[in-house]
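Computed from a predicted structure; not experimentally measured. Whatever order the structure lists ligands and atoms in, that order sets their numbers, starting from 1.
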Amino acid sequence: MQSAHARRPRPVIALDRIRKVYGQGEAEVRALDGVSLTIERGEFVAIVGASGSGKSTMMNIIGCLDAPTSGRYFMDGIETGELDEYQLAQIRNRKIGFVFQSFNLIPRTRAVDNVAMPLAYRKVHRRERHALALEALDAVGLSARAGHLPSQLSGGQQQRVAIARALVTEPVLLLADEPTGALDTHSSEEILDLFGMLHARGRTIVMITHEPDVAARAERVVRMQDGQVIADTGTATAQAAYHAAGGTR
Ligand SMILES: Nc1ncnc2c1ncn2[C@@H]1O[C@H](COP(=O)(O)OP(=O)(O)OP(=O)(O)O)[C@@H](O)[C@H]1O
Ligand SMILES: [Mg+2]
């Protein structure tokens with residue numbers, strides 16, 4: 001049995017009554033209207049909802065790219081509302097690996113150098129950067145393409161390079177915005193399989209998507225509507241408890 005003094009691991013994300021309001025008066029839009037959400041280490045969560053429901057706003061706040069109008073956001077236990085721009089940039093660089101719909105790779109730059117890029121902002125020696133980048137490429141099954149340019153890679157392969165770049169810093173969170181949005185069915189499957197494998201290895205993944213079959217690959221689905229969370233399948237533990245209780249709660 002666990003000791004009563006055992007320290008609970010801190011959640012990767014804790015949003016507490018987050019509101020984000022754009023405009024004023026008649027033009028006021030509540031992009032987020034009181035969102036409270038906790039995501040624990042090792043979860044694979046999809047955030048879904050119709051266009052305009054607040055997904056991108058949520059992504060920007062979770063990614064420390066934007067500040068809420070009110071409410072508190074704890075990222076890996078750190079209250080982000082108390083940080084200045086420099087400290088927020090450090091959180092983004094050290095704790096979060098970003099993956100975008102459009103890959104955002106640097107053209108005319110080899111895959112391995114794209115992956116090594118985030119390490120250049122830290123004081124990591126060039127040779128070690130290269131070694132870590134090769135390791136990250138290996139983890140996404142692309143070590144054989146290390147010397148290729150983005151233009152020499154398929155969309156799915158480019159996204160895998162982008163995922164390797166997101167993971168090279170060993171972030172606590174992989175934050176993906178429509179990661180399969182620009183890919184065909186086959187490449188999308190490849191990327192979702194990769195996310196499944198990273199999740200199995202203990203990565204924490206938050207993925208924004210508007211495609212139900214993409215969301216179905218996550219372990220937990222959070223549904224947004226009009227800036228609010230209207231449904232949440234909960235953590236694996238919560239789901240197990242729900243089914244054990246006959247699904248009646
Ligand atoms: N900079 C802004 N200024 C004013 N209103 C904004 C701004 N950004 C977003 N909004 C509004 O906030 C609401 C939520 O927008 P958001 O971009 O988060 O939706 P979304 O779920 O990402 O939609 P989509 O699926 O189309 O990307 C929308 O009504 C949108 O018009
Ligand atoms: Mg959006």
Side-chain angles (χ1 to χ4, degrees), residues 12-39 43-75 80-81 83-85 88-89 91-92 95-105 155-156 158-159 162-163 165-166 171 173-185 187-189 191-192 195 204-234:
V12 174
I13 294 168
L15 299 171
D16 177 26
R17 288 164 290 170
I18 294 287
R19 294 175 75 247
K20 179 72 185 180
V21 182
Y22 291 111
Q24 284 179 345
E26 295 271 293
E28 183 182 288
V29 176
R30 292 187 209 158
L32 290 180
D33 194 10
V35 170
S36 295
L37 182 70
T38 303
I39 295 176
E43 284 198 83
F44 179 13
V45 182
I47 296 178
V48 301
S51 179
S53 59
K55 302 183 298 296
S56 292
T57 308
M58 182 98 125
M59 153 113 187
N60 290 341
I61 286 173
I62 289 175
C64 296
L65 297 160
D66 204 356
T69 307
S70 66
R72 295 188 303 169
Y73 171 30
F74 296 85
M75 178 357 98
T80 58
L83 305 181
D84 61 28
E85 261 316 308
L88 288 171
I91 298 251
R92 289 194 295 271
K95 295 193 178 283
I96 306 173
F98 291 91
V99 173
F100 303 97
Q101 175 171 351
S102 51
F103 324 137
N104 293 5
L105 297 178
Q158 289 185 56
Q159 192 60 303
I163 293 167
R165 178 183 56 187
L173 172 67
L174 187 64
L175 185 56
D177 188 11
E178 300 278 1
T180 61
L183 300 176
D184 59 37
T185 315
S187 301
S188 296
E189 280 299 317
I191 295 303
L192 292 168
F195 278 1
T204 309
I205 305 171
V206 172
M207 169 175 81
I208 305 224
T209 181
H210 67 272
E211 295 173 69
D213 45 333
V214 170
R217 300 287 295 268
E219 164 197 39
R220 172 181 177 190
V221 180
V222 172
R223 182 168 299 278
M224 307 282 305
Q225 184 183 303
D226 298 332
Q228 297 183 326
V229 172
I230 58 154
D232 183 349
T233 62

Those atoms of ligand 1 less than 4.0 Å from some heavy atom in Val29: 11 (C), 12 (O), 29 (O)
Identity and distance of the protein heavy atom lying nearest atom 13 (C) of ligand 1: Gly52 O, 3.6 Å
Atom 31 (O) of ligand 1 within contact range, any protein heavy atom under 4.0 Å: no
Side chain, backbone, both or neither: the part of Thr57 lying under 4.0 Å from ligand 1 by heavy atom: both
Polar contact flag for Gly49 and ligand 1 (N/O pairs, less than 3.5 Å): no
N/O/S from Ser51 sitting under 2.8 Å away from the Mg ion (ligand 2): no
Nearest-option assignment for atom 19 (O) of ligand 1, heavy atoms, candidates Gly54, Gly181, Gly23, Gly227: Gly54
Nearest-neighbour protein heavy atom for atom 12 (O) of ligand 1, which is reported as residue plus atom name and distance: Ala31 CB, 3.3 Å
Nearest-contact summary for atom 8 (N) of ligand 1 - protein heavy atom, Å: Tyr22 CE1, 3.3 Å
4.5 Å side-chain heavy-atom contact, Pro179 and Gln159: yes
Residues, nucleotides or ligands: over 12 heavy atoms within 6.0 Å of Gln24 CD: no
Side-chain (Arg30) to main-chain (Gly227) donor-acceptor, under 3.5 angstrom: no
Atom CG of Asp226 with >12 non-hydrogen neighbours under 6.0 angstrom: no
Side-chain donor/acceptor of Thr38 to backbone N/O of Ala14, under 3.5 Å: no
Closest protein heavy atom (residue, atom, distance) for atom 26 (O) of ligand 1: Ser51 OG, 2.6 Å
Side-chain donor/acceptor of Thr69 to backbone N/O of Val21, under 3.5 Å: yes
Check: Asp184 main-chain N/O paired with Ser187 side-chain donor or acceptor under 3.5 Å: no
Under 4.0 Å to a heavy atom of Ala50 - the qualifying atoms of ligand 1, by number: 21 (O)
Identity and distance of the protein heavy atom lying nearest atom 25 (O) of ligand 1: Lys55 NZ, 2.7 Å
Contact summary for Ile163 and Phe195, nearest pair of heavy atoms: CD1-CE1, 3.6 Å
Backbone of Met224 reached by a side-chain donor or acceptor of Lys55 within 3.5 Å: no
Ligand 1 atoms in contact with Ser56 (distance to a heavy atom under 4.0 Å): 17 (O), 18 (O), 20 (P), 22 (O), 27 (O)
